[in-house]
Amino acid sequence: MERFPDKDGDLEPPPHRTTILRGWTQKLTEYINIPTALMKELQEGLVRVEEVLATLEELANTEGLERIKTAEEEYQKGDYITLHNSDDIRKKL
């Protein structure tokens with residue numbers, strides 16, 4: 001790691017690193033830079049994990065399994081409607 005002299009002449013890591021050494025103690029900086037693309041990828045990954053967990057929770061619930069079974073039966077019979085926007089929903093309610 002590249003080191004730079006501080007005001008006392010001691011070699012320190014540059015301030016943009018996640019840690020800065022001062023004597024024998026270690027301090028964490030308050031901020032780090034994270035590329036936007038990485039943040040977006042992490043967020044999308046968390047959304048996928050949340051969806052999987054919600055699905056597992058639904059499958060572990062007896063009432064959830066009944067809702068899924070009923071929905072599949074209604075779909076097979078064609079007993080459903082398709083709404084394309086909020087106006088369609090208001091009309092049906």
Side-chain angles (χ1 to χ4, degrees):
M1 177 180 355
E2 203 174 348
R3 295 188 179 270
F4 298 91
D6 67 1
K7 63 181 179 180
D8 299 323
D10 298 324
L11 291 180
E12 301 244 349
H16 65 277
R17 303 283 186 202
T18 56
T19 58
I20 298 175
L21 300 176
R22 300 229 183 266
W24 295 101
T25 62
Q26 184 179 21
K27 256 174 94 171
L28 294 178
T29 60
E30 293 182 27
Y31 304 99
I32 60 172
N33 292 324
I34 300 175
T36 305
L38 176 60
M39 279 301 294
K40 184 175 180 174
E41 186 179 329
L42 290 171
Q43 183 182 21
E44 290 170 353
L46 287 173
V47 167
R48 280 183 257 146
V49 168
E50 192 277 330
E51 289 171 351
V52 168
L53 290 174
T55 301
L56 292 174
E57 182 180 350
E58 189 73 14
L59 292 174
N61 182 334
T62 305
E63 293 172 4
L65 287 175
E66 281 298 317
R67 283 192 297 269
I68 291 170
K69 182 179 176 184
T70 302
E72 285 179 342
E73 290 171 358
E74 290 172 352
Y75 182 76
Q76 295 283 336
K77 294 176 188 175
D79 188 18
Y80 63 92
I81 57 173
T82 304
L83 304 173
H84 299 286
N85 57 44
S86 58
D87 290 333
D88 290 347
I89 294 172
R90 280 190 209 100
K91 289 175 187 175
K92 291 295 176 184
L93 293 176

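These numbers come from a predicted model, not from an experiment.
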Identify each donor-acceptor pair in which a side-chain atom of residues 37-56 lies under 3.5 Å from a protein atom, sequence neighbours left out, and give them as a table.
{"from": "Thr55", "atom 1": "OG1", "to": "Glu51", "atom 2": "O", "distance (Å)": "2.9"}

List, by chain and number, the other hydrophobic cluster members for Ile81, where Ile, Leu, Val, Met, Phe, Trp and Tyr join if side-chain heavy atoms come within less than 4.5 Å, directly or indirectly. Leu83, Ile89, Leu93
Side-chain donor-acceptor pairs under 3.5 Å in residues 68-75, sequence neighbours left out?
{"from": "Thr70", "atom 1": "OG1", "to": "Glu66", "atom 2": "O", "distance (Å)": "2.9"}

Hey, what do you get for OG1 (Thr62) to CG (Leu65), rounding to the nearest 0.5 Å? 6.5 Å
